[in-house]
Structure formats: structure tokens, C-alpha cells
Amino acid sequence: MENEGRSAEAQPGPIAAWESSMLPRGIVELLHEPRSLSQLAGELGATDGRVLWYLVKLRGAGRVVEHLGLWTRTAAGADLAGSSGAQLGNDCTILPGRTAFDYVQANADAAAGVFGSEFVQATGEHAGRVPYERVVEFNERLLSLIGEYFAPERIDPAASPKYGFHWILTPVDLHPLDE
């Protein structure tokens, strides 16, 4: 056979759900010319460990190839980069419909004075490299606190305004390879 002895490139299929997220798309968008792992990580603002994880996965899907430490996209990678979906540099967060409505409308209502002069409104974002055991402890304590403050027997139907508490705890990055 003519192709014997050659390593066959993976044949890409339809775009997988994980390929539709911003980081894999950002990788293939940047690979219009060869780049090293550290260049990609720097340009994407992600750890090299995380970028490498996706590079290996993209290689398995036939979207990228590596040669002498430089990565480039294949024709299938170019197709992924050109397909519709999340775009690099899009700093929006997609929330479930009702949750997004609650956030947006609550801020507009507060600015319009709907809740009067006395209300509590807070948001925050925190991240850090925390050991797994501490994250489990935090999750358990948070669930306990939510249960304590929002339990049915603690609710006052006559109280106004009504408060909503939306939150998410999720891993956001991997440890850098060189540390």
C-alpha cells in the first residue's frame, strides 16, 4: 500500500462540544502560523499546562500538528477557526436565561430606584490555587450557609425586596508546567 509506514493524521468529524469553547478556538485561530506552546499560552493568557492539554486533544481530533516544538493548524483546524461559535476576545459570560435576566434586570431596577434606598447588592469574583480538600470544605460550608439563610423556615413572605443568590464554583485553569 502507498500509505504504509506513514502516520495517519486523525480524520476530523463534526465539531465536538469541547471544540466550540473559546480556548480551543483561540488556539486554532492563532495557529495560522507556527507557534510554540509558550507563545500560545502567553497570547491566550492561559497556563501552558492548560494550552498543552487542548493542543494534544486538538491533535487527536486532526485539527493541529506539531513539528520541532512548533504547532500549526491543519485544514480541519482552519475549518474550526472559521466556523461560527465562540470567538477569541469575546469577554462575555453566558448564563442560563432566567439567571441572566435576573442579573441584568436587578441592576437596572436598582439604578431606577425600584428597591428604594435600602437594599444589598453584591457581586464578586475570586480565584486561587486552593488544595482540593479546602475546596471541598468551602463547598460544604457554602451549601450549609445557603441552607441556613434561605431555608423555607427562614423566609419571610412579607419581606421586600426578594433576593436571589446565583453562584458557581468551578475549576478555571491548570498548574503551569514549569513550576
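Here the structure is a predicted model, which means the values were calculated and not measured.
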| task | Look only at the side chain of Glu19 and the backbone of Ala16, and say whether a donor-acceptor pair between them is shorter than 3.5 Å. | result | yes
Are side-chain heavy atoms of [X] and [Y] found at a separation under 4.5 Å?
| X | Y | answer |
| --- | --- | --- |
| Leu80 | Glu29 | no |
| Ser83 | Arg25 | yes |
| Leu177 | Leu37 | yes |
| Arg73 | Ile27 | no |
| Ser38 | Asp48 | no |

| said: Would a single hydrophobic cluster contain both Trp53 and Leu58, if residues Ile, Leu, Val, Met, Phe, Trp and Tyr are joined by side-chain heavy-atom contacts under 4.5 Å? | reply: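 Yes; tracing contacts between hydrophobic side chains, which count when under 4.5 Å, links both residues.
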| request: Answer yes if Trp18 and Val51 sit in the same cluster of Ile, Leu, Val, Met, Phe, Trp and Tyr residues linked by side chain heavy atoms under 4.5 Å apart, and no otherwise. | output: yes
Exercise: identify the closest heavy-atom pair between [X] and [Y]:
| X | Y | value |
| --- | --- | --- |
| Ala76 | Gly62 | CB-O, 3.5 Å |
| Gln39 | Pro34 | OE1-O, 4.4 Å |
| Pro176 | Arg129 | CD-NH2, 3.7 Å |
| Val172 | Arg50 | O-NH1, 2.5 Å |
| Thr47 | Ala41 | C-CB, 4.1 Å |
| Pro24 | Ser21 | CD-OG, 3.0 Å |

Rounded at 0.5 Å granularity, tell me how far [atom1] in [X] sits from [atom2] in [Y].
| X | Y | atom1 | atom2 | value |
| --- | --- | --- | --- | --- |
| Leu52 | Leu174 | CG | CG | 9.5 Å |
| Arg63 | Leu31 | CZ | CG | 13.0 Å |
| Lys162 | Ile155 | NZ | CD1 | 9.0 Å |

| task | Taking atom types as modelled, find out whether Thr72 and Arg35 have a side-chain donor-acceptor pair closer than 3.5 angstrom. | result |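 There is no such pair (donor and acceptor under 3.5 Å, judged by atom type) between the side chains of Thr72 and Arg35.
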| Criterion side-chain contact (heavy atoms from CB on, under 4.5 Å) on Trp71 and Val28, from CA distance to verdict | CA-CA 10 Å; Trp71 295 84; Val28 294; over 6 Å; no
| Does anything in residues 134-145 pair up under salt bridge (charged side-chain N to carboxylate O under 4.0 Å, His left out), and if so which pairs, sequence neighbours excluded? |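 Salt bridge (charged side-chain N to carboxylate O under 4.0 Å, His left out) check on residues 134-145 returns Arg134-Glu137, Glu137-Arg141.
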| task | Among Ile, Leu, Val, Met, Phe, Trp and Tyr joined by side-chain contacts under 4.5 Å, find the other residues sharing a cluster with Leu169 and list them by chain and number. | result |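 Listed partners: Val130, Val135, Phe138, Leu142, Leu143, Leu145, Ile146, Tyr149, Phe150, Phe165, Trp167.
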| query | So with a 6.0 Å cut-off around CD of Glu153, is the heavy-atom count from everything else above 12? | reply | yes
